[in-house]
Amino acid sequence: MAVARPLDFYSVHTYGHGLYQHNPLRPSEALQYKLRGASKPCLVSFSSKFHTFCSKVQFLQNPSILGRGLSRNSSLDEVLSAGQLIKEYVQDGNCEDAITIYVKMLEFGLPVEEFRFFPCLIKAFGGLSDVGKAREIHGHVLKLGVLDDVYDVNSLLGVYWKCGAIEDAVQMFEKMCKRDLVSWNTVISGLCHSGDYMGSLRMFSRMIHDHWVLPNRVACLSALTSCSSVQSLVHGRELHGFVVKREIDTDQFLVSGLIDMYMKCGDVKNAEYVFRSIVNEESIRGNPVIWNVMISGYVSNGCLSHAVEVFLEMCQLGCHQILPQWLPL
DNA sequence: TTAGGGTTAG
């Protein structure tokens, strides 16, 4: 069966893509059906490992949970407990088990409309790196009507990027009626990671000029990576000015990003300027990455004696604790 | 609640 792309998911007429297309079941039923019937690679494996973690969750083992004899309040408590557990699993990177718990909630007929952890659950699907599964959870939350929340849409956007579904992600972003800083950062970083560096920089510019949203350090970091990758000194310098103006030029990640950008663009003088203006700061001095960026930048630009000088300076300043990683003694 | 990180080597 052909799977329709979720391009027009804001329309009430388009609930039925993918999993739910031509499917008369309710979303929870449809998801259970799909998951039970799925052949490998299976979304959830009901292995012995599952029973181990299940033992920690009383409500999953309680037969009374099967929907009968439960008051509404106790059902809500179960939904809350399940949500917290899902959150924990996702934080631990245990995405499959997090999804399993949600599937159990559906099986037991818990009122998932009351579930308050959809961003977390959606994020778990990103860990599967499977665009088909991403579309399934998309259809599911769409039908539940929780996609009005920018947190949920942002999470879904992140899932599409993680799955490498660039078109889906971009089109989803373009159709978002409400965007926040995280939405912008997600798309800028997504474009950068997918190799569309100029697209990422255009998005950065559009964010400021067309939408009056002020980029934070996260957006600047992605944009800097894009500048380095395409060796665009013009954009890099512009970005440097922006970072200074925003007074975030002492951020350690941005400092190393700026030095790296200048070095990759062959502008050794400006890399030195950034490095020297910050290296006396106590917090910066102990950061081995900044020294490494500087030394490797010198080497890649053919400034070998400078590389040795900075290396010795680093040792003299008491950064010798990182020496064992460096010297093949 | 959601996004998000820098270097090198191989």
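Numbers restart at 1 for each chain; the letters A, B, ... are given by sequence-line order, proteins then strands. Since we're looking at a predicted model, the values are computed, not measured.
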- Item | Out of B/dT7, B/dT1, B/dA3, whichever nucleotide has its closest atom nearest the side chain of A/Asn216 | B/dA3

- Side chain of A/Tyr151 (C-beta onward), nearest among B/dT7, B/dT1, B/dA3: B/dT1

- Query: Tell me: OH of A/Tyr298 to C1' of B/dT7, nearest whole Å?
  - Reply: 15 Å

- Task: State which of B/dA3, B/dT8, B/dG6 makes the closest approach to the side chain of A/Lys264.
- Result: B/dT8

- Output the single nucleotide from B/dT2, B/dG4, B/dA3 whose closest atom is nearest the side chain of A/Ser189. B/dG4

- Pair A/Asp148 + A/Lys178, salt bridge at N-O below 4.0 Å: no

- Is there a donor-acceptor contact under 3.5 Å from the side chain of A/Asp260 to the main chain of A/Ser256? no

- Query: With a non-hydrogen cut-off below 4.0 angstrom, is A/Ile188 in contact with a base, only sugar-phosphate, or nothing?
  - Reply: nothing

- Query: Could you state the CE-C1' distance from A/Met261 to B/dG6, rounded to the nearest angstrom?
  - Reply: 13 Å

- Task: Send over the distance from A/Phe275 CZ to B/dT7 C1', rounded to a whole Å.
- Result: 13 Å

- Does the ring center of A/Tyr102 lie less than 6.0 Å from the ring center of A/Phe117? no

- Query: Rounded to whole angstrom units, what separation is found between the NE2 atom of A/His138 and the C1' atom of B/dT2?
  - Reply: 15 Å

- Task: Starting from C1' on B/dG4, measure out to CZ on A/Phe204 and report it in whole angstrom.
- Result: 13 Å

- Query: Just checking A/Lys87: base, sugar-phosphate only, or nothing, at a heavy-atom cut-off of under 4.0 Å?
  - Reply: nothing

- Query: Of the candidate nucleotides B/dT7, B/dT2, B/dA3, which contains the atom at the shortest distance from the side chain of A/Val293?
  - Reply: B/dT7

- Give the rounded distance in Å between these two atoms: CG of A/Asp149 and C1' of B/dT1. 8 Å

- Query: Does A/Asn301 reach the main-chain N or O of A/Cys303 with its side chain, forming a donor-acceptor pair under 3.5 Å?
  - Reply: no

- Closest nucleotide among B/dT2, B/dG6, B/dA3 to the A/Asn287 side chain: B/dG6

- Below 4.0 angstrom, N of the basic side chain to O of the carboxylate: do A/Arg276 and A/Glu281 qualify? no

- Indicate, with a heavy-atom threshold strictly under 4.0 Å, whether A/Ser256 touches base, sugar-phosphate, or nothing. base

- Item | Separation of atom CZ in A/Phe118 from atom C1' in B/dT1, rounded to whole Å | 12 Å

- Message: Rounded to whole Å, how long is the line connecting atom CE of A/Met263 with atom P of B/dG6?
- Response: 18 Å

- Message: Just to be sure I understand the rule, does A/Val182 reach a base, reach only the sugar-phosphate, or reach nothing, if contact means heavy atoms closer than 4.0 Å?
- Response: base

- Task: Kindly point out which of B/dG4, B/dT7, B/dA3 is positioned nearest to the side chain of A/Asn185?
- Result: B/dA3

- Report the nucleotide, chosen from B/dT7, B/dT2, B/dG4, that has the shortest atom-to-atom distance to any side-chain atom of A/Asn292. B/dT7

